[in-house]
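The chains referred to below are lettered A, B, ... by the order of the sequence lines, with proteins before strands, and numbering in each begins at 1. This one's a predicted model, so the numbers in the text were calculated from it and none came from an experiment.
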Amino acid sequence: MSDGGLAREVERLLQELAPKVVGAVTRRCGDFAAAEDAVQEALLDAVAEWPARGVPANPGGWLFRAAWRRLADLRRNERARARREAQVASERPELAAAAPDEGAGEADAVLQDETLVLLFLCCHPSLSDASAIALTLRAVGGLTTAEIARAFLVPEATMAQRISRAKRTIAESQVAFELPGEAEQARRLDAVLRVLYLIFNEGYVGSSGAPLTRVELSSEAIRLARALRVAKPATPEIDGLLALLLLTDARRLARTGPAGELVPLDEQERGRWDRAQIAEGSALVGAAFAKGAVGKYQLQAAIAALHDEAPSTEATDWPQIAALYEVLLRIDDQPMVALNHAIAVAMVQGPAAGLRRIEALDRDARIAGHWRLDAVRGHLLERAGDRAAARRHLLAAADGTKSLPERRYLLTKAARLQPG
Amino acid sequence: MRFMLIMQGTASGWDSMCQWKPEEIQAHIGFMIKLRDELKDGGELVMAEGLDIPRNTKVVTAKRVDQPTVFDGPFPESKEFLAGFWVVEVPTEKRACEIAARASTAPGPGGKPLAFPIEVRQVMCAPVVEG
């Protein structure tokens, strides 16, 4: 195996083992924050040693022992510091109380899959989005702080602090390292799905020439969604999320033009879409719907499947998409959903019908004046033949957006509508 | 959301800074270091830099890459120059302004807050996936 191949194998293995080892160490010492730090150090040790010395026969056991040694070091340092500062109790009494000097007989025990417990923990509602994302990627994803920092284009020290603070918030919220009951799980599943969707969305969309060590967050989100599906099977909304991620990711290569510019769905070269991902996503959607209950991720996935299965914008099943948006609005009344519904209605009944729906949104305080309203209005007015009004709205949208590729796209579109 | 916090300096301000007492300069530098550490500890710091003084600055204009015009110092007609900046990652513009307010209180002569004007500009970010 080439050096690059071995490094990737090691990386894949470590990511798979990380949540198991974090779980095992946490259960043994009772301190998630300390355990997670210790495992992170053990992962770094493994990254340094395994490519050169070869993967050990029991890689999980190796990681557990390495993490355990780190914990023991931490405890010794805490005790020494406490003695030096003549404190009665150290700041981490739980570390002193644990007995990590005991031999790591645990190393031979089978490591349980703790993915589900960890996901509920790391996506706890008390955490901000940024914190939940960072902590999930480290504790469940098994990524290093440096990798996460690079993926979000943030200094490593900043990311390390974000993760520490996230763990402190969890400790202060007194979240137990246990699987919540079924009812509680149902309530908190949405937070988990949301964090995974955010990771997918916020992923840095790099070019195909990305270096080997760069983390592709969209792929990572898909991997975690798959792991969640294994950990909590027979849950249609999880199938729905995975399907949505696959069906969206399938369009990735077509979404960026040769100059790195944004290409919207109706202008994409469909031959560049990933058919295998589309097939898998569509199959998941079909299976999820067959189970009866319909949630927002399943509905969004169904809409994405209809887009991905269509040979062209014109041949897309717009009436079905409009109907799905209507169902989605009933369970998730979001103005952005209403906006997408308006677009679908316009494709079925003509731009005037879509524009009428947008007028209703002018009275919705959550979205009135939002640049996306202007963008869609501009798009529909162009289709309706009112070039001057379309241009006005597209320019207003360009002013409002915070996305540079989106601004460039809107300005280009507006420029094409110049008089004369 | 990312914001750039821009600290504008003035030529007269810079000259007067050269007249400060050593402990006043130390207090000012200490404040900036402390602010940077706080932002790092809070997981908000993306970047923070001070820029070299205007006298060492060059302004380059070129119609052809092999025929540039190079002037010393910032644009002659500008009385202000970029002294330094922070880039922070925060959930709201309100928080960005709070940090800017903190930066503005950096101490000057007699330890009194300088009340530097700090410009708060959002950094254009990558698009939300839709399509």
Keeping to residues at least two apart or across chains, list the salt bridge (Lys or Arg N to Asp or Glu O under 4.0 Å) pairs with something in residues 114-124 of chain B. B:Glu119-B:Arg121
Chi angles and distances behind the side chain to side chain contact (heavy atoms under 4.5 Å, CB included) call for B:Val70, B:Val59: CA-CA 6 Å; B:Val70 181; B:Val59 176; over 6 Å; no
With chain A, the option among B:Asp41, B:Val123, B:Val87 that has the most non-hydrogen atom pairs under 4.5 Å is B:Asp41
Ring-ring centroid check A:His307 A:Trp318, cutoff 6.0 Å: yes
Select one option (side chain, backbone, both, neither) describing which atoms of A:Ala157 are under 4.5 Å from chain B's heavy atoms. both
So which residue, A:Ala160, A:Ser164, A:Ser131, A:Pro155, ends up with the most heavy-atom pairs under 4.5 Å with chain B? A:Pro155
All pairs passing ring pair (Phe, Tyr, Trp, His ring centres under 6.0 Å) where residues 23-68 of chain B contributes a residue, at least two apart: B:Trp20-B:His28
Validation row: A:Thr248, A:Phe200 side chains within 4.5 angstrom (heavy atoms): yes
A:Ala301 and A:Ala243 have their tightest heavy-atom pair at CB-CB, 3.8 Å
Residues in salt bridge (charged side-chain N to carboxylate O under 4.0 Å, His left out) contact with A:Asp129, at least two apart in sequence or another chain: A:Arg194
If contact means a heavy atom pair closer than 4.5 Å, which residues of residues 93-111 of chain B contact chain A? none
